[in-house]
Amino acid sequence: MDSIEFDAIIRHPRTIIHIDVDCFYAQVEMLKHPELQGKPLGVQQKNIVVTSNYLAREYGIKKCMSVQEALQLCPEIALVNGEDLTHYRHYSAKILKILHRFTPLVERLGFDDNFLDITSIVQKYMNSGNDSELNISINMEDENPVGKVFGPFEEECPCGCHARLIIASKIAVEIREQIYKDLHITCSAGIGHNKLLAKLVGSLHKPNQQTLIFPCSAAMLLSTIESVSKIPGVGQKTTQLLISNNIKTVDDLRKTPLEALEKKIGIDLARKLKDNAEGIDETVVKPTGKRQSIGLEDGFKSVSLIAEVESRLGALLRRLTELAMEDGRIPVAMRLTVRKHDFNKSASGKRETRQCALPKYLLPSSKSGVYDHAKMLTLAMKLFHRTVDVSKPFHLTLLGVAFTKFEERSSGKNSITSFLRKQVAVQSVLDISSEEGVSDINLGSPMSVNQDSNDGSAMSTTSSPISKSIGTNNQTVDDDVLNEIEPLPKKTRLEVWLSGRRESPSNEMADLRLSPSSPMQLSPKIDAAVLKSLPIDIQREVTRSWPTTSKPKSNNILKYFIANK
DNA sequence: CTGGGTGGCT
DNA sequence: AGCCACC
């Protein structure tokens, strides 16, 4: 037995707390809507109730249940739209700040799931009865843990972990109390000597509770969870792989010899799972740094028109650049995500992504402080054309855009890189201005193409930055990427009209929505004229009925304007 | 009739 | 770039 294995089995040197915010989205929504206090509440994204408060759960509402199902179980449930994650992100950041008061060793999984390695904090309390930096008093006299304890209380482990875990349970109370005091948000906690145990044990008693596990109960806890799918890291695919090998429970996993398992599922996975089955997990708490990507997605029933793709991407990009500004770092790559409608499966198809560099001149200059949204959209559309063959009909069910790499800034805003970047930015502004005329390119007005009047007539007399830059084929020094873009077809009236609509996130086509009870907002006359103005291939595309699971659609352009949510 | 994010591995 | 996983 080597020393690592030795450590894992009879020494338990680390002390880990897992903090899980109770039904996070639902709690945030209850804070936003105090009038819903005491009522069952669900958070809805598209047709899904992604989470609910505990009152709603009493009716049997589960995570990611369809709205219809949820309403059947609990007709009086209040449903709140949770597609915009801004508030959740906000609270998540506040929670992280509180956790950082205790230790920088915080690993986040999602917005509401955190591991803290408090080994050194516990050590300080063990040594001196307090932590000089962490100004929190802990009752060292009481030898009993706070909160629940999983498993029988057996004799102390010779490595001394019992005392450490008991102190940790008191620190967990402090953490939860501080989060509640500052934010009025409740959390549950799990305390153990590794991440696996801390996470699993914390889920035993919720909400607003905490549970400790001593190492001697580890194997028992793992037996208790039964299904292998409960092991963190074992998702749908791995579960199916294991089940196809007749392994359903953790005990099945335990009974399978390592050598046999390695042959079935691969050496790495086999070793990890065999360890986990015994409650062994040596993975470290990896402090979560800055996000590696910042992205937004929008899902929908179907998008088949380039104009709508452009419109939706424009909306996503505007919000994305806001997020990037909040983040403060400078993105240097852009990724586009699409999900194509899959006719073979009733469920959603797989995603495809395309990435490209984000040229420096697209970044906010220190002068204007804004992104050039028009060129960003042009770049995103270039990625789109690289992903989707628009010469054939396409039916997308999701569009996403993300910034995926960020400029390293060695120091603050006076660093040499920052200085150079400003010079470049200013230079590129000058270049554009001198070639196009300052009045034509409106750097200070993001996405003017989409923020112009709702009345499409304005668009016919004012050229957008996009059409301008294409029409003049401008060759600024920094156009090394954009000048490769094949010229977009001149905008049709339909496209102009569509892209000129004011949008709201996830509701871009609201103006186009037709309901049986409301009069049509698009007159048949305009309809025909718009249709005629389309290129012939687009006409065919727009008027073609595409196969669906339901009855064939009529050859009427209006159906493409009917709400797709 | 399945959400909107993230990160890691290959 | 895709797959898988997590919340």
Side-chain angles (χ1 to χ4, degrees), chain A residues 18-26 42-52 62-72 79-89 92 95 107-115 188 195-196 199 202-203 228-241 265-266 268-269 272 283 286-302 316 319-320 323 327 333 335-339 341-342 345-356 383 386-387 397-405 505-506 548-550 564-565:
Chain A
H18 180 253
I19 297 281
D20 188 24
V21 185
D22 302 319
C23 54
F24 180 46
Y25 289 5
V43 178
Q44 181 176 359
Q45 285 171 338
K46 296 288 149 49
N47 203 31
I48 296 290
V49 178
V50 290
T51 193
S52 65
K62 304 275 190 233
K63 286 180 176 182
C64 292
M65 191 174 256
S66 77
V67 168
Q68 294 87 333
E69 216 175 334
L71 283 171
Q72 220 163 324
L79 292 177
V80 179
N81 187 290
E83 287 163 22
D84 184 341
L85 306 186
T86 306
H87 294 97
Y88 312 139
R89 196 177 287 118
S92 180
I95 290 166
E107 179 178 343
R108 288 209 302 167
L109 277 120
F111 285 172
D112 63 341
D113 203 339
N114 308 273
F115 291 103
S188 296
K195 293 206 290 180
L196 173 70
K199 184 176 172 74
S203 65
V228 290
S229 64
K230 302 280 181 56
I231 297 174
V234 177
Q236 217 175 337
K237 299 281 179 176
T238 312
T239 301
Q240 284 311 310
L241 180 62
I265 67 172
D268 292 335
L269 185 59
K272 172 197 151 32
T283 61
K286 186 185 173 193
T288 303
K290 295 265 197 176
R291 283 183 289 176
Q292 296 179 21
S293 67
I294 300 176
L296 292 167
E297 293 177 348
D298 192 6
F300 29 72
K301 285 279 187 291
S302 177
L316 288 172
R319 292 199 288 150
L320 181 61
L323 289 176
D327 182 272
R335 178 171 64 212
L336 181 84
T337 302
V338 307
R339 188 176 61 200
H341 191 274
D342 192 339
K345 292 181 182 176
S346 57
S348 58
K350 285 169 184 173
R351 287 156 185 250
E352 289 176 46
T353 66
R354 294 294 183 275
Q355 263 192 86
C356 73
L383 287 173
R386 213 196 276 173
T387 315
T397 59
L398 180 139
L399 280 169
V401 64
F403 293 143
T404 54
K405 292 175 181 178
S506 294
T548 61
T549 50
S550 56
N564 52 18
K565 298 188 206 318

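Sequence lines set the chain letters: A, B, ... in the order given, protein chains first and strands last, and positions in each chain run from 1. Values below: all heavy atoms of this structure, side chains included; hydrogens, waters and symmetry mates excluded.
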Inset, instruction - Report the nucleotide, chosen from dC1(B), dG5(B), dG4(B), that has the shortest atom-to-atom distance to any side-chain atom of Arg89(A). - result: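 Shortest atom-to-atom distance from the side chain points to dG5(B).
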Inset, instruction - Look at Lys46(A) together with Asp298(A) and state whether they make a salt bridge at an N to O cut-off of under 4.0 Å. - result: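 Yes.
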Legend entry - Arg339(A)/Glu297(A) salt bridge by N-O under 4.0 Å criterion: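 No, Glu297(A) and Arg339(A) are not salt-bridged.
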Legend entry - Test side-chain contact (heavy atoms from CB on, under 4.5 Å) applied to Leu383(A) - qualifying residues, sequence neighbours left out: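 With neighbours one apart ignored, the set is Met334(A), Leu336(A), Arg354(A), Cys356(A), Arg386(A).
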Applying a 4.0 Å non-hydrogen cut-off, can you work out what [X] is touching in the nucleic acid: base, sugar-phosphate, or nothing?
X: Gly235(A); answer: sugar-phosphate
X: Gln68(A); answer: nothing
X: Val234(A); answer: sugar-phosphate
X: Ile231(A); answer: sugar-phosphate
X: Thr238(A); answer: sugar-phosphate
X: Gln236(A); answer: sugar-phosphate
X: Glu69(A); answer: nothing
X: Leu296(A); answer: sugar-phosphate
X: Arg354(A); answer: sugar-phosphate

Inset, instruction - Check Asp327(A) against Lys290(A) and note the closest heavy-atom contact, atom names and distance. - result: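 In terms of heavy atoms, the two residues are closest at O-NZ, 3.7 Å.
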Legend entry - Ser293(A) vs dG7(B): side-chain N/O to OP1/OP2 distance below 4.0 Å: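 Yes, such a contact exists.
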Inset, instruction - Using a cut-off of strictly less than 4.0 Å, decide whether Lys286(A) has a side-chain nitrogen or oxygen near OP1 or OP2 of dG8(B). - result: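 True: Lys286(A) side-chain N/O within range (under 4.0 Å) of dG8(B) OP1/OP2.
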Inset, instruction - Taking atom C1' in both dC7(C) and dC1(B), compute the distance separating them and give it to the nearest angstrom. - result: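 My reading of the C1' atoms in dC7(C) and dC1(B) gives 22 Å.
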Inset, instruction - Show your reasoning for whether salt bridge (Lys or Arg N to Asp or Glu O under 4.0 Å) applies to Lys62(A) and Glu69(A). - result: CA-CA 10 Å; Lys62(A) 304 275 190 233; Glu69(A) 216 175 334; over 6 Å; no
Inset, instruction - Check the pair Asp113(A), Lys199(A) against salt bridge (Lys or Arg N to Asp or Glu O under 4.0 Å), reporting the backbone distance first and the verdict last. - result: CA-CA 9 Å; Asp113(A) 203 339; Lys199(A) 184 176 172 74; 2.8 Å; yes
Legend entry - Separation of dG4(B) C1' from Asp84(A) CG (nearest whole Å):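 Rounded to whole Å, this separation is 10 Å.
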Legend entry - Nucleotide dG4(B), atom C1' - distance to CG of Leu109(A) in whole Å: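 That distance rounds to 16 Å.
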Inset, instruction - Name the first nucleotide and the last nucleotide along DNA chain C (5' to 3') that come under 4.0 Å of a heavy atom in chain A. - result: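 Span of nucleotides near chain A: dA1(C) to dC7(C).
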Legend entry - Set of ring pair (Phe, Tyr, Trp, His ring centres under 6.0 Å) partners for Tyr88(A), sequence neighbours left out: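 Testing Tyr88(A) for ring pair (Phe, Tyr, Trp, His ring centres under 6.0 Å), a comparison that skips the adjacent residues, returns Tyr25(A).
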